[in-house]
A.B. asks: 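Take this structure, written in structure tokens, and hold onto it; I'll ask about it next.
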Amino acid sequence: MILFHGTNSDIDSIDLSLSLNHKDFGKGFYLTDSRETAIRMAEKKARLFGGKATLISYDFDESALHSDLKVKVFPKKATVEWFLFVDANRDRANQRPIHDFDIVVGPIADDGVVVQITNYRENIYTAEQAAKALQDKFLDQQYYFGTEKALNYLTKTKVQAL
């Protein structure tokens with residue numbers, strides 16, 4: 001399976017220590033199966049941080065999903081479990097990782113999800129109400145790689161300056 005990473009420069013080798021904390025699934029390397037989504041991310045990163053919008057393609061050996069790795073695959077639609085998982089990972093009060101998965105697959109929390117997380121944190125909605133409000137929203141899928149062991153299932157195949 002081909003996965004895409006949108007960024008503002010080429011990446012020679014993935015260094016997980018450079019990953020940012022408090023992302024949807026925690027500190028790790030993120031890809032998507034949507035070329036369009038990765039291009040939007042590359043353009044956004046270049047706009048915010050400089051550099052050149054760059055699309056990097058990786059071949060993902062899907063046998064990883066059925067290997068000895070710890071893998072979590074969420075449904076393609078928003079669920080309460082996914083919503084609470086994203087909320088916990090994004091919570092800056094959590095200074096340690098909230099999970100030990102090698103790979104996590106699930107919806108990308110876009111701006112609409114952020115609004116629902118805020119509603120949940122401010123006790124406007126329950127987690128169930130927030131997840132239900134997102135049920136009809138199409139959310140692109142993301143693939144999180146959180147360990148070196150998981151990264152072994154990725155092979156960089158192409159770099160394209162946009």
A.B. asks: Between E43 (side chain only) and R40 (backbone N and O only), is there a donor and an acceptor less than 3.5 Å apart?
C.D. replies: no
A.B. asks: R121: which residues meet the salt bridge (charged side-chain N to carboxylate O under 4.0 Å, His left out) condition with it, sequence neighbours left out?
C.D. replies: D87
A.B. asks: With respect to T147, which candidate in D100, N152, D102 satisfies the side chain to side chain donor-acceptor pair (under 3.5 Å) definition?
C.D. replies: D102
A.B. asks: Start with the C-alpha distance between L162 and Q160, add both sets of side-chain angles, then the distance that settles side-chain contact (heavy atoms from CB on, under 4.5 Å), and finish with yes or no.
C.D. replies: CA-CA 6 Å; L162 302 173; Q160 180 182 358; 4.2 Å; yes
A.B. asks: Only distances under 3.5 Å count here; give the side-chain donor-acceptor pairs of residues 17-31 to other protein atoms, sequence neighbours excluded, each with its distance to 0.1 Å.
C.D. replies:
from : atom 1 : to   : atom 2 : distance (Å)
S17  : OG     : D15  : OD1    : 2.6
S17  : OG     : D15  : OD2    : 3.3
S19  : OG     : L16  : O      : 3.2
S19  : OG     : G28  : O      : 3.0
H22  : ND1    : D91  : O      : 3.4
D24  : OD1    : R90  : NE     : 2.7
D24  : OD1    : R90  : NH2    : 2.7
D24  : OD2    : A109 : N      : 2.9
D24  : OD2    : Q142 : NE2    : 2.9
K27  : NZ     : S17  : O      : 3.4
Y30  : OH     : F25  : N      : 2.8
Y30  : OH     : G26  : N      : 3.0
Y30  : OH     : G26  : O      : 2.7

A.B. asks: Checking the side chain of D61 only, and the main-chain atoms of Y153 only, is there a donor and an acceptor separated by less than 3.5 Å?
C.D. replies: no
A.B. asks: Applying salt bridge (charged side-chain N to carboxylate O under 4.0 Å, His left out), can you list everything that pairs with K156, at least two apart in sequence or on another chain?
C.D. replies: D10
A.B. asks: Using ring centroids (six-membered ring only for Trp), state whether Y120 and F83 fall under 6.0 Å.
C.D. replies: yes
A.B. asks: Other members of the hydrophobic cluster containing V114, with the 4.5 Å side-chain heavy-atom rule, please.
C.D. replies: none
A.B. asks: Is there a path of hydrophobic side-chain contacts, each under 4.5 Å between heavy atoms, that joins I98 and W82?
C.D. replies: yes
A.B. asks: Any donor and acceptor pair, going by atom type alone, linking the side chain of T32 with main-chain N or O of Q141 inside 3.5 Å?
C.D. replies: yes
A.B. asks: Which residue pairs pass the side chain to side chain donor-acceptor pair (under 3.5 Å) test with at least one member in residues 47-56, sequence neighbours excluded?
C.D. replies: none
A.B. asks: Any luck finding a side-chain donor-acceptor pair between T37 and D140 under 3.5 Å?
C.D. replies: yes
A.B. asks: Quick one: ring-ring contact (aromatic ring centres under 6.0 Å, His included) partners of F101, sequence neighbours excluded?
C.D. replies: H99
A.B. asks: Do you reckon I2 sits in the same ILVMFWY cluster as F60, going by side-chain contacts under 4.5 Å, direct or chained?
C.D. replies: no
